[in-house]
Visitor: 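My questions will all concern the structure given below.
Keep in mind that what you see is a predicted model, and the values were worked out from it rather than measured.
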Amino acid sequence: MEQVALAAPGGDISLIDLFMQAGWVVKLVMIGLILASVWAWAIIVEKSLAFRRMRGALDRFEDNFWSGQSLEELYRTLSDRRNTGMATIFVAAMREWKKSFERGARSPAPLQSRIEKSMDLALAREMERLESRLGFLATIGSAAPFIGLFGTVVGIMTSFQAIAASKQTSLAVVAPGIAEALLATAIGLVAAIPAVMAYNKLSGDANKLGGRMEGFADEFSAILSRQIDERSAANRTAPQAAA
């Protein structure tokens with residue numbers, strides 16, 4: 001186990017002084033937790049902005065979808081764009097719809113199944129994109145306190161070894177070494193608490209956005225199902241009228 005000199009008793013000691021006096025294991029723990037905290041905050045900011053953009057995109061698409069324009073016109077408008085959210089699901093369904101009828105699809109059941117499969121795949125990709133990197137926040141939230149506690153245990157063990165070597169047991173001598181060890185736990189909590197809170201908030205937001213997209217997929221599937229039934233009925237009546 002590493003040996004470090006105890007801090008001089010008395011006087012005010014800043015956090016930087018505590019960090020500089022810590023052993024190399026505790027310093028590595030602190031540096032790792034600080035870097036993890038910075039990365040967690042970067043994810044929090046990026047995801048918050050991304051979810052805000054997604055909500056705006058969903059609102060705009062719903063306004064366009066229910067504006068009264070035809071599905072074909074909306075598909076032509078969106079097919080050449082880079083879409084997100086409901087627009088991606090819509091384009092995937094309409095692309096499968098058009099391909100099937102261009103190839104002369106006659107049976108409605110397989111067509112409905114393929115359309116639903118296309119929308120499910122598009123929805124899964126959108127959810128994967130929304131939930132990406134949220135797992136890192138959960139990992140930091142659960143692991144950072146224990147990593148900080150590890151640094152604290154190592155620091156306290158080292159301090160007690162130094163105390164035994166110096167044969168000085170007064171509180172003024174012990175306190176600085178214990179304080180620099182406990183700093184690792186404090187940094188771990190500083191990294192973990194925002195990560196846990198942000199993970200819970202962002203996970204809830206992702207589920208809400210996913211619920212909106214899933215609801216649209218079900219509603220659009222019902223719309224296409226009615227149109228498939230209408231086309232199937234028209235195809236059945238056409239030969240009878242010709243006869």
Visitor: Side chains of Asn64 and Glu73: closer than 4.5 Å at any heavy-atom pair?
Guide: no

Visitor: Measure the shortest side-chain to side-chain distance between Tyr75 and Leu71 over non-hydrogen atoms and say whether it is less than 4.5 angstrom.
Guide: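 The answer is no; the side chains never approach within 4.5 Å.
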
Visitor: Please report the shortest heavy-atom distance between Gly141 and Val196, naming the atom on each side.
Guide: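 Looking at all heavy atoms of both residues, the closest pair is CA-CG2, 3.3 Å.
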
Visitor: Please tell me if the side chains of Met30 and Val26 come closer than 4.5 Å, counting only heavy atoms from C-beta onward.
Guide: yes

Visitor: Treating Ile, Leu, Val, Met, Phe, Trp and Tyr as nodes and any side-chain heavy-atom pair under 4.5 angstrom as an edge, say whether Met157 and Phe146 lie in one connected cluster.
Guide: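 No, because Met157 and Phe146 fall into different hydrophobic clusters, even though each may have its own neighbours under 4.5 Å.
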
Visitor: Kindly check if the number of other-residue, nucleotide or ligand heavy atoms within 6.0 Å of CZ (Phe136) is above 12?
Guide: yes

Visitor: Which heavy atom of Met127 sits nearest a heavy atom of Ala206, and at what distance?
Guide: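 Where Met127 meets Ala206 most closely, the heavy atoms are CE-O, 3.7 Å.
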
Visitor: According to the salt bridge (Lys or Arg N to Asp or Glu O under 4.0 Å) rule, which pairs have a member within residues 207-223, sequence neighbours left out?
Guide: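 Of all non-adjacent pairs touching residues 207-223, those that pass salt bridge (Lys or Arg N to Asp or Glu O under 4.0 Å) are Asp59-Arg212, Glu62-Arg212.
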
Visitor: Rounded to the nearest 0.5 Å, what's the gap from CD1 on Ile44 to CH2 on Trp39? Could you check?
Guide: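 That separation rounds to 12.0 Å.
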
Visitor: Regarding Glu72 and Lys98, does a basic nitrogen lie under 4.0 Å from an acidic carboxylate oxygen?
Guide: yes

Visitor: Which atoms form the tightest heavy-atom contact between Thr185 and Leu149, and what is the distance?
Guide: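 What the structure gives for the nearest pair is OG1-CA, 3.8 Å.
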
Visitor: Side chains of Ser203 and Glu131: donor-acceptor distance under 3.5 Å anywhere?
Guide: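 On atom types as modelled, these side chains do not qualify, holding no pair under 3.5 Å.
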
Visitor: Distance from Ile156 atom CD1 to Leu182 atom CG, nearest 0.5 Å?
Guide: 5.0 Å

Visitor: Is there a side-chain contact between Ile34 and Ile31 in this structure, where contact means two heavy atoms from C-beta onward sitting under 4.5 Å apart?
Guide: no

Visitor: Among pairs that include at least one residue of residues 203-227, which meet ring pair (Phe, Tyr, Trp, His ring centres under 6.0 Å), considering only residues two or more places apart or in two chains?
Guide: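 Matches after skipping sequence neighbours: Phe61-Phe216, Phe65-Phe216, Phe65-Phe220, Phe90-Phe220, Phe216-Phe220.
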
Visitor: Hey, what do you get for OG1 (Thr84) to CG (Leu58), rounding to the nearest 0.5 Å?
Guide: 7.0 Å

Visitor: Roughly how far, to the nearest 0.5 Å, is the CZ atom of Phe150 from the CG atom of Leu28?
Guide: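 The CG atom of Leu28 sits 9.5 Å away from the CZ atom of Phe150.
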
Visitor: So which atom in Met94 and which in Leu224 form the shortest heavy-atom distance, rounded to 0.1 Å?
Guide: SD-CD2, 4.4 Å

Visitor: Only pairs at least two apart or in different chains count here, so list each salt bridge (Lys or Arg N to Asp or Glu O under 4.0 Å) that has a residue in residues 32-48.
Guide: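 Matches after skipping sequence neighbours: Glu46-Arg133.
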
Visitor: Is it true that Glu126 and Arg129 make a salt bridge, defined as a side-chain N closer than 4.0 Å to a carboxylate O?
Guide: yes

Visitor: Examine Ile187 and Ile193 and state if one hydrophobic cluster contains both, with Ile, Leu, Val, Met, Phe, Trp and Tyr joined whenever side-chain heavy atoms are less than 4.5 Å apart.
Guide: no

Visitor: What are the two closest non-hydrogen atoms of Val190 and Ser37, and how far apart are they?
Guide: O-OG, 4.5 Å

Visitor: Would you say Thr88's side chain and Ala122's backbone share a donor-acceptor pair under 3.5 angstrom?
Guide: no

Visitor: Is there a side-chain contact between Ser221 and Gln112 in this structure, where contact means two heavy atoms from C-beta onward sitting under 4.5 Å apart?
Guide: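 The answer is yes; the side chains approach within 4.5 Å.
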
Visitor: Could you state the interatomic distance from CE (Met86) to CG (Leu209), rounded to the nearest 0.5 Å?
Guide: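 Going from CE on Met86 over to CG on Leu209, the span is 9.0 Å.
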
Visitor: If Ile, Leu, Val, Met, Phe, Trp and Tyr residues are connected whenever their side-chain heavy atoms lie under 4.5 Å apart, and connections chain through other members, are Trp24 and Ile147 in the same group?
Guide: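 Yes, it is one cluster - the side chains of Trp24 and Ile147 are joined through contacts under 4.5 Å.
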
Visitor: Restricting to non-hydrogen atoms, name the atom on Leu189 and the atom on Pro194 that form the minimum distance, rounded to 0.1 Å.
Guide: O-CD, 4.2 Å

Visitor: Only one of Thr77, Leu78, Leu74 passes side chain to side chain contact (heavy atoms under 4.5 Å, CB included) with Val91; say which it is.
Guide: Leu78

Visitor: Any chain of hydrophobic side-chain contacts (each under 4.5 Å) joining Ile89 to Trp66?
Guide: yes

Visitor: Roughly how far, to the nearest 0.5 Å, is CE of Met119 from CD of Glu116?
Guide: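 Going from CD on Glu116 over to CE on Met119, the span is 6.0 Å.
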
